[in-house]
Amino acid sequence: MKTKITELFGIEHPIIQGGMHFVGFAELAAAVSNAGGLGIITGLTQGTPEKLETEIKKCQALTDKPFGVNLTFLPSLTPPDYPGLIEVIIKTGVKIVETAGRNPAVYMPAMKEAGIKIIHKCTSVRHSLKAQDIGCDAVSVDGFECGGHPGEDDIPNFILLPRAADELEIPFVASGGMADARSLVAAMALGAEGMNMGTRFIATQDAPVHDNVKQAIVNASELDTRLIMRSLTNTERVLNNPAVESLLAKEKALGDDLKFEDIVDEVAGVYPKVMINGEPEAGAWSCGMVAGLISDVPTVQELIDTIMAEADEIIKSRLQQAV
Ligand SMILES: Cc1cc2nc3c(=O)[nH]c(=O)nc-3n(C[C@H](O)[C@H](O)[C@H](O)COP(=O)(O)O)c2cc1C
């Protein structure tokens with residue numbers, strides 16, 4: 001399949017694996033890129049430029065296809081060494097960066113000068129237009145369904161994607177709630193040039209996370225995610241569990257007086273415990289509503305091959321017959 005996104009990134013299929021904390025390691029990124037999609041290493045999981053360099057080199061040893069690095073810009077009193085991380089990305093020759101969170105404008109000149117293509121993840125049309133204005137090459141439009149941070153507007157992809165299509169000139173992929181060929185074809189019908197998946201890629205054999213996490217996603221239905229940290233204007237969609245229930249009880253009791261310190265036990269330092277130690281109930285971790293569409297743990301190659309074969313069938317057979 002050829003779209004503006006496959007052309008932009010030099011990939012075979014318009015399928016991107018979004019950056020995921022403690023999931024987006026070299027093994028997963030390489031598996032996605034080797035299967036013809038675009039794999040992405042999560043920069044902040046590595047934390048330091050030295051560790052990111054090692055992870056990028058590991059990925060380069062596992063694939064000769066294009067892959068990217070995610071840089072999530074968070075508000076922080078002690079920010080990560082973003083200039084150092086970018087220096088390593090440039091030095092190692094990575095040509096694609098997925099940015100997310102705050103506006104990456106200050107870091108754009110260095111990356112553009114190095115010939116890096118930037119795809120910014122946005123949860124609204126206005127942020128997508130801003131990304132276009134500051135020179136991003138593409139955007140990943142993340143609807144309300146998504147795992148992780150859906151923003152505060154609560155607009156699902158059936159509205160958000162055609163709104164983005166009406167306003168944007170740069171290409172965009174649909175993100176949030178994407179799982180299979182139906183998602184891809186629908187996203188393209190709504191104006192996207194491909195799709196970005198997070199949760200679906202966790203439940204694959206290549207994701208270097210504990211089996212308990214994959215099983216938790218397979219067992220979950222579309223009713224099993226919750227929104228947390230709404231009153232902190234830092235909304236996150238997570239998989240429900242007893243720790244999340246206790247966090248939500250605190251949010252209810254404290255209302256607008258809630259401070260981050262009140263929920264630190266349920267949200268800080270959770271990812272290594274969940275993803276590496278295999279304790280999915282250790283706290284709150286991002287998961288999309290799309291868990292309701294996930295019932296197996298294929299290899300990344302099987303997943304992408306199936307999506308592309310079934311997309312072909314939907315377009316050439318089912319949709320063709322309807323007209
Ligand atoms: C466990 C997990 C961790 C994530 N971590 C990050 C992250 O560190 N940075 C980021 O930009 N997005 C992160 N995301 C969001 C994904 O990149 C992607 O946008 C999102 O999962 C899409 O929604 P879906 O899960 O419905 O496919 C994370 C998502 C999940 C499920």
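One is the number of the first residue; the rest follow in order along the sequence. Just so you know, ligand 1 is whichever comes first in the structure, and atom 1 is the first atom listed for that ligand.
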Close-range residues for ligand 1, whose non-hydrogen atoms fall below the 4.0 Å threshold: Gly18, Gly19, Met20, His21, Thr42, Asn70, Thr72, Ala100, Lys121, Asp142, Cys146, Gly147, Ser175, Gly176, Gly177, Asn196, Met197, Gly198, Thr199, Ile202, Tyr271, Met275, Ser286, Val290
Nearest-0.5 Å distance that lies between atom CD in Gln46 and atom CG in Asn70: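 Gln46 atom CD to Asn70 atom CG measures 11.5 Å (nearest 0.5 Å).
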Lys/Arg-Asp/Glu bridge criterion (N-O < 4.0 Å) met for Lys65, Glu12: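 Looking at Lys65 and Glu12, the cut-off is not met.
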Pair Lys250 + Asp257: basic N to acidic O under 4.0 Å: no
Minimal non-hydrogen separation, Val125 against Arg163, with atom names: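 Smallest interatomic distance, heavy atoms only, reads CG2-CB, 3.7 Å.
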Cluster check Val238, Ile294: I/L/V/M/F/W/Y, side chain < 4.5 angstrom: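 Hydrophobic grouping puts Val238 apart from Ile294.
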Partners meeting side chain to side chain contact (heavy atoms under 4.5 Å, CB included) with Asn103 (sequence neighbours left out): Ala105, Lys130, Ile134
